[in-house]
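What follows is a short report on a single structure.
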There are 2 protein chains.
Amino acid sequence: MTTELPGNGGFGDPAFLPNTQQGIRRRNLSLVLQAITAHGPLSRAAVASRIGLTRAAVSTLVDELIRADLLIELGPERPGTVGRPGSALTVGERGPVGIGAEIGVDHLAVCAVDLHGKVRARASLESDNRGRPPEPVLKELARLVREVTTASRSAGLRPAGLAVAVPGLVARDSHTVVRAPNLGWSELDLGPYLLDGLPLSVDNEANLGALAELWIGGDPAPQDFVHVSAEIGIGAAVVVGGRLLRGTHGFAGELGHMPVRPEGPACPCGGRGCLEQYAGEEAVLRAAGLPYGEGGIGLLAARAENGDAQVRRALRAAGSALGIALSGAVNLLDPQTVVLGGALSRLAPWLLPSLERELARRTADPARPKGGTVTVSRLGSEGPLLGAAHSVVRAVLDDPASVAGAQR
Amino acid sequence: MTTELPGNGGFGDPAFLPNTQQGIRRRNLSLVLQAITAHGPLSRAAVASRIGLTRAAVSTLVDELIRADLLIELGPERPGTVGRPGSALTVGERGPVGIGAEIGVDHLAVCAVDLHGKVRARASLESDNRGRPPEPVLKELARLVREVTTASRSAGLRPAGLAVAVPGLVARDSHTVVRAPNLGWSELDLGPYLLDGLPLSVDNEANLGALAELWIGGDPAPQDFVHVSAEIGIGAAVVVGGRLLRGTHGFAGELGHMPVRPEGPACPCGGRGCLEQYAGEEAVLRAAGLPYGEGGIGLLAARAENGDAQVRRALRAAGSALGIALSGAVNLLDPQTVVLGGALSRLAPWLLPSLERELARRTADPARPKGGTVTVSRLGSEGPLLGAAHSVVRAVLDDPASVAGAQR
DNA sequence: CTATTTCGTCATGCCGATTGACAAATTAGT
DNA sequence: ACTAATTTGTCAATCGGCATGACGAAATAG
């Protein structure tokens, strides 16, 4: 009983399967399941034509998935066309769920998400975790996890893994938080607290927020985008071709230190005029004339909603700076869209106009019809939690055989 | 009958093969061939353990590849260890070659590269192609191509495809040059001139230069890097996980319009203070006190080599600007390395110090041990040509069955 | 009511990888 | 020198898994 999810390290990487016959089988199981989760209820014939296999082959694959409680048969489709109607297949109500957990600076949250992508159970707790020692926090989180898993189990669901979103840097393919400045944690292995039988994975919350956007963010979900959030500093996550770009050392997405004005104020990073000096939480609060302390972003949003002119001015300036920095990213990556997520989505109404103006101006290449569009995440601050739970679901979709073997 | 996996076609993207038995076979042929080209001569057993198949399976695959003239048997390996020595396999001397062609502003070049990566034939022609009508240029190029293909054929080699590097924007999966400002071409289909039996592909020269770096640029070749060249404007190509990032509209890599000083001089792109205003060919020549005309970069290099102080100063300033822009890219992407390629490699001695200083200063995050390193391409201005030829070779490596079927 | 179309399943066959055994070729040990 | 051990490459037999083609079932079209 290994503690890692089957086949590989991080949740993001699809398992490497050798080109052997069993490998083919596993990949085909995954293709069938993914086609059905992605494109609603489908008949066997529809799946077959979609993934390029024959109906007979799909039939055996579907049988296997049904036996594993991953699919259920809805019965005959409503016939709109000639021919015998197919039998609609969809993912079952009772089957595996992914457990997602989030350690925020002022709250803990856990949820269970099924293969449909629906939240089936959740629990959360307000608690100021800044500078608090890790032990009690993690014990509380473990309690919430148990709450959600038992609730799931009694609803006939089978937790398939636990993924934790952390506001900090996480060592690749490990359970270790390297550094979480807002919590004051460093070099902390979460395994001992959270490993109770479930495969565990830990990842940065900005990354998971971006993945949530990729998996459930839109219809259709964008496959190439830059996701900007502002949980710790200003984090961006880059998704290319439906895959999260993590970088060689795992540091990709440091939008906060993009140069905005090369001779601007010095930044602790060693550079000058980094974006964080203009659009970072501290800088914006100072420009808005507000104290730097807890709940800064919420305070900004509240004041802006009330029409505070100085706050709105500060947000406009921050939007401009963001636009300048993002224009660099857009010119370099040519993404489908830029997504404002996390806490930024609340501030979007005041950031967007200046941001979009600056971005449009600087990406209007004569050859490029139009610069990237900017969208605001529907998920808001729920992104990281949902992304965590979904990362477990994706692992199941990527290799259904693994959970099918685990059960009966 | 449509498959939903990402459609493709260009040489760069490995062909999508369905998870059917023939698909497996083709993938396994590719795995065997790639293992052998990548890791020197190998025995069947070594290949088997490397790609996760059994020796028996590899034997049949190797037989097929030998019959197709893609592999040859070198005979028994020198035994350094216990056990029967294996029989070394390597790619054959006579087999398929990729034909690469380059349309530069002042020259045409064609070469043939075998599966080893060795150049087996080449031809080139100096000619000032700026503003020249396409017909005569392409007729000359076609002549060079015929020269190289006949030379290859008489050496027992089999041309497997033609790839053309063009200094301009190319429509995806087509033979059409959308816009090549330095040549004065636009909306031009190269197919009619160059299609004489060989599969044809056309791509941007900066992209092909970056791919050359990926495929033959180093030992080991980096898999995640930003490749900067300066053929048209300042082009960067981003390679992530061994794949070229092309962007949603094919515009990725526009480093030239990264903001360096947001209030700087206006740029034709509509922005202000873009990198091109500081490190573009025209700007550098002006700062160096040289006329803007043909051979600008060569002139700069010659003067700098002779110790011209004003030129060197101009290059130092350009290096700083490049460093600022690249620090943004490095912060965002966390690449293994930044590669200076194309004509920039000649200027590297004078660009590098200021570039590296600026880059190091702005990427020294407390958490990041060190910023990205900067390297200079070994390939220099040969990159695009070699990359073009190699793109054909890669297509063969990615699907050996395609050429194996073609011959017999 | 019949012809047509499409769906799901079944028996059969084939392709290709695995298994297990074997001879061959080398090293290590006595 | 001789044996034991190890590794390679190949062969025959087997098995897993998809394709093929035919069939009954369930709908529509006329």
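Numbered from 1 within each chain, the chains take letters A, B, ... in sequence-line order.
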Applying side chain to side chain contact (heavy atoms under 4.5 Å, CB included), name anything that partners [X], two or more places apart in sequence or on another chain.
X: B/Ser49; result: none
X: A/Asp63; result: A/Arg44, A/Arg67
X: A/Val82; result: none
X: A/Thr54; result: A/Ala56, A/Ala57

- Start at the 5' end of DNA chain C and walk down; is the nucleotide closest to A/Gln21 or to A/Ser59 reached first? A/Ser59

- Query: Out of curiosity, A/Thr37 OG1 to A/Leu33 CG, how far, rounded to the nearest 0.5 Å?
  - Reply: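 Spacing of OG1 (A/Thr37) from CG (A/Leu33) equals 5.5 Å.
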
Measure from [atom1] on [X] to [atom2] on [N] and round the result to the nearest Å.
X: B/Arg26; N: D/dC18; atom1: CZ; atom2: P; result: 18 Å
X: B/Arg25; N: D/dG16; atom1: CZ; atom2: P; result: 20 Å
X: A/Leu31; N: D/dG17; atom1: CG; atom2: P; result: 15 Å
X: A/Leu29; N: D/dG17; atom1: CG; atom2: P; result: 9 Å
X: A/Leu65; N: D/dG17; atom1: CG; atom2: P; result: 13 Å

- Of all nucleotides in DNA chain C with an atom under 4.0 Å from a non-hydrogen atom of chain A, which is the first and which the last going 5' to 3'? C/dT5 to C/dT18

- Message: Within the 4.0 Å heavy-atom criterion, would you say A/Ala57 contacts the bases, only the backbone, or no part of the nucleic acid?
- Response: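 Contact class for A/Ala57: sugar-phosphate only.
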
- Item | salt bridge (Lys or Arg N to Asp or Glu O under 4.0 Å) involving B/Arg120 - partner list, sequence neighbours excluded | B/Glu93, B/Asp114

- Item | Pairs meeting criterion salt bridge (charged side-chain N to carboxylate O under 4.0 Å, His left out) with involvement of residues 28-37 of chain B, two or more places apart | none

- Return the angle between end axes of the helix from C/dC1-D/dG30 to C/dT30-D/dA1, with five pairs used per end and rounding to 10°. 10°

Can you name the residues that form a side-chain hydrogen bond (donor to acceptor under 3.5 Å, both in side chains) with [X], not counting sequence neighbours?
X: B/Thr90; result: none
X: A/Ser87; result: A/Glu73
X: A/Thr248; result: none

- Message: What verdict does the side chain to side chain contact (heavy atoms under 4.5 Å, CB included) test give for A/His175 and A/Leu195, after you've listed the backbone C-alpha separation in whole Å, the side-chain angles of each residue and the deciding distance to 0.1 Å?
- Response: CA-CA 10 Å; A/His175 313 143; A/Leu195 271 177; 4.3 Å; yes

- Task: Between B/Ala46 and A/Asn28, just flag the one whose closest nucleotide in DNA chain D comes earlier from the 5' side.
- Result: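 Taking each residue's closest nucleotide, the earlier one in sequence belongs to B/Ala46.
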
- Task: Between protein and nucleotides 22-30 of chain D, map the contacts as a letter string: B base, S sugar-phosphate only, - none, heavy atoms under 4.0 Å, written 5' to 3'.
- Result: B-BBBBS--

